[in-house]
There are 2 protein chains.
Amino acid sequence: MAKTLLDRSDAVRALAGVFRRRGFESGSLSVIQHETGIGRGSLYHFFPDGKSDMARAVLDQVSVWFDEHVFEPLRATEKGADAVRAMCREVGAYFVSRERVCLYAAMTLGEERATFAESVRAYFTDWVEALSTALQHGGLSDDAADAAALDAVATIQGGLILARAYDDDQTLLDIVARVEKRLLDALA
Amino acid sequence: MAKTLLDRSDAVRALAGVFRRRGFESGSLSVIQHETGIGRGSLYHFFPDGKSDMARAVLDQVSVWFDEHVFEPLRATEKGADAVRAMCREVGAYFVSRERVCLYAAMTLGEERATFAESVRAYFTDWVEALSTALQHGGLSDDAADAAALDAVATIQGGLILARAYDDDQTLLDIVARVEKRLLDALA
DNA sequence: GTCTATAAAGCGATAGAC
DNA sequence: GTCTATCGCTTTATAGAC
């Protein structure tokens, strides 16, 4: 692991894993160094401003992923039901493979929440608005679509909490499946 | 504040506030000392094992509150719809007055989650099972009640995340109101 | 029960060699 | 790009006076 000559996005991926497992505030530099196998020098080479730089980079990478795999498809897919199905598939697989942690949700707790408050808000409004758009494409009124989208995102986020509390991926997948069913029923 | 001769439950209440605002892991002893007005000596007098002792005491106090105000009424109230209405009223008011933070949900993240994993699991299973019992009293089948209860708790927990992300109590209250409506519709 | 002083450890961050 | 050594500060926890 030592002489691997990483690039920055390798480092960001490794950091995201540590932050998901240990939280943003715990994960000391020594822990980060140990768990990522990236030395102190490299860390400060990639992230000159230290931990807040790391957090920003990790959140940005999550944001890019969701834009590409979730938000844009929700807005662009013509058939609302297809858009809903695709979202549930992508999101379920994503969180199962990412330790059942939404790093943006994690950022609503803890000391430094103010630092990232604006991008956290943007992440959730983007998600809710994109889903609402898809539901409107499927025939729902603006208000009904907004409410259903907000409830769906909330239920998925709560599903992550319960999946962690129960230490069980299937809890999340079942909840996502029922969210999908409810949304499809509303469109029918 | 200095010579007030507090008792332990005053200290627990003050600690809960700090943990909700700053998170379990941040909130250093200096911060705790400053924000609670309780000196280092008193803190270690009440909580000899330090921070983990404090966390345990705070979680226990939350558990007692929910048992008394939420779980027991859910199990005991004969009319399922009344039980659901009471739960939504209590829970909405509770979280609005507690910085929109569920400390048990917060414990599913971060370094020390393993320490409290068992009591976190118990909190959520108690809630879900008590709500499921109420829904069964209202006429739902076991399976339907279990699923509806799990989804309801998840949606409320996600509602807390969104309310923090949007910095808006009404987001939570709206979500809780729609959860209530959905449960009552299912009982009708 | 509360205070202050302090010990011992760990922290984030920097410097400079390679 | 990576490493190690180190600075200066903060942390948790303890000790002992009141």
Side-chain angles (χ1 to χ4, degrees), chain A residues 1-59 61 103 106-107 109-116, chain B residues 1-19 21-59 61 106-107 109-116:
Chain A
M1 193 81 79
K3 286 270 154 60
T4 315
L5 270 78
L6 314 146
D7 66 6
R8 200 182 126 107
S9 77
D10 292 327
V12 173
R13 249 182 300 278
L15 280 173
V18 179
F19 286 144
R20 286 194 181 90
R21 283 189 298 275
R22 335 253 327 191
F24 277 106
E25 340 232 88
S26 36
S28 68
L29 273 214
S30 325
V31 166
I32 290 171
Q33 187 176 359
H34 185 252
E35 292 196 11
T36 61
I38 304 174
R40 245 178 172 60
S42 307
L43 247 14
Y44 276 93
H45 172 74
F46 290 127
F47 310 100
D49 289 347
K51 273 187 84 176
S52 67
D53 232 1
M54 301 176 201
R56 165 67 57 194
V58 166
L59 287 178
Q61 191 197 249
L103 286 170
M107 261 302 173
L109 289 168
E111 205 162 20
E112 335 185 41
R113 65 176 120 177
T115 313
F116 298 99
Chain B
M1 193 83 78
K3 287 268 154 62
T4 316
L5 272 77
L6 313 147
D7 65 7
R8 199 181 127 107
S9 77
D10 292 328
V12 173
R13 247 183 302 279
L15 281 173
V18 179
F19 286 146
R21 284 189 298 277
R22 334 254 326 191
F24 277 106
E25 339 232 89
S26 35
S28 67
L29 275 212
S30 325
V31 166
I32 290 171
Q33 185 175 0
H34 185 251
E35 292 196 12
T36 62
I38 305 173
R40 243 176 174 61
S42 308
L43 249 13
Y44 276 94
H45 172 73
F46 291 127
F47 311 99
D49 289 346
K51 277 187 82 177
S52 66
D53 231 2
M54 301 178 201
R56 165 68 56 194
V58 166
L59 287 178
Q61 191 196 250
M107 262 303 173
L109 288 169
E111 206 161 20
E112 336 185 41
R113 66 175 119 177
T115 314
F116 298 99

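Worth saying up front: this structure is predicted, and the values here are computed from it rather than measured. In the text below, chain A, chain B and the rest are named by the order of the sequence lines, each starting its count at 1.
- Between Arg8(A) atom CZ and dT2(D) atom C1' the separation is 17 Å, expressed in whole Å.
- Not one side-chain nitrogen or oxygen of Ser30(A) sits closer than 4.0 Å to the OP1 or OP2 atom of dG10(C).
- Rounded to whole Å, atom P of dT4(D) lies 15 Å from atom CG of Leu29(A).
- Across every non-hydrogen atom of Phe116(B) and Met107(B), the tightest pair is CD1-CE, 3.4 Å.
- A side-chain N or O of Ser9(B) and one of Arg13(B) form a donor-acceptor pair less than 3.5 Å apart.
- For Ser28(B) and dT10(D), the shortest distance from a side-chain N or O to OP1 or OP2 is not below 4.0 Å.
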**side chain to side chain contact (heavy atoms under 4.5 Å, CB included) evaluation trace for Glu25(B) with Leu109(B)** = CA-CA 10 Å; Glu25(B) 339 232 89; Leu109(B) 288 169; over 6 Å; no
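- The shortest side-chain heavy-atom distance between Met54(A) and Leu29(A) falls under the 4.5 Å cut-off.
- Each of Gly39(A) and Gly41(B) was assigned the nucleotide of DNA chain D with the nearest heavy atom; the assignment lying further toward the 5' end belongs to Gly39(A).
- Between Phe24(A) atom CZ and dG12(C) atom P there is a gap of 15 Å when expressed in whole angstrom units.
- Atoms CD1 (Ile38(B)) and P (dC3(C)) sit 9 Å apart, rounded to a whole Å.
- Of the candidates dA5(D), dT2(C), dT2(D), dT2(D) carries the atom nearest the His45(A) side chain, counting heavy atoms from C-beta on.
- Rounded to an integer number of Å, the gap from Arg40(A) CZ to dT14(C) P is 12 Å.
- For the pair Phe47(A) CZ and dT2(D) C1', the interatomic distance rounds to 15 Å; values are reported in whole Å.
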**Message:** side chain to side chain contact (heavy atoms under 4.5 Å, CB included) for Arg21(A) and Glu35(A)? Distances and angles first, verdict last.
**Reply:** CA-CA 10 Å; Arg21(A) 283 189 298 275; Glu35(A) 292 196 11; 3.3 Å; yes
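- As judged by a 4.0 angstrom heavy-atom cut-off over every strand, Tyr44(B) is placed among the base-contacting residues.
- Taking atom CD on Gln33(A) and atom P on dT6(D), their separation rounds to 16 Å, with Å as the unit.
- Along DNA chain C, the nucleotide nearest to Phe46(B) and the one nearest to Asp49(A) differ in position, and the one closer to the 5' end is contacted by Phe46(B).
- Note: CG (Asp53(A)) to P (dA13(C)) measures 10 Å, nearest angstrom.
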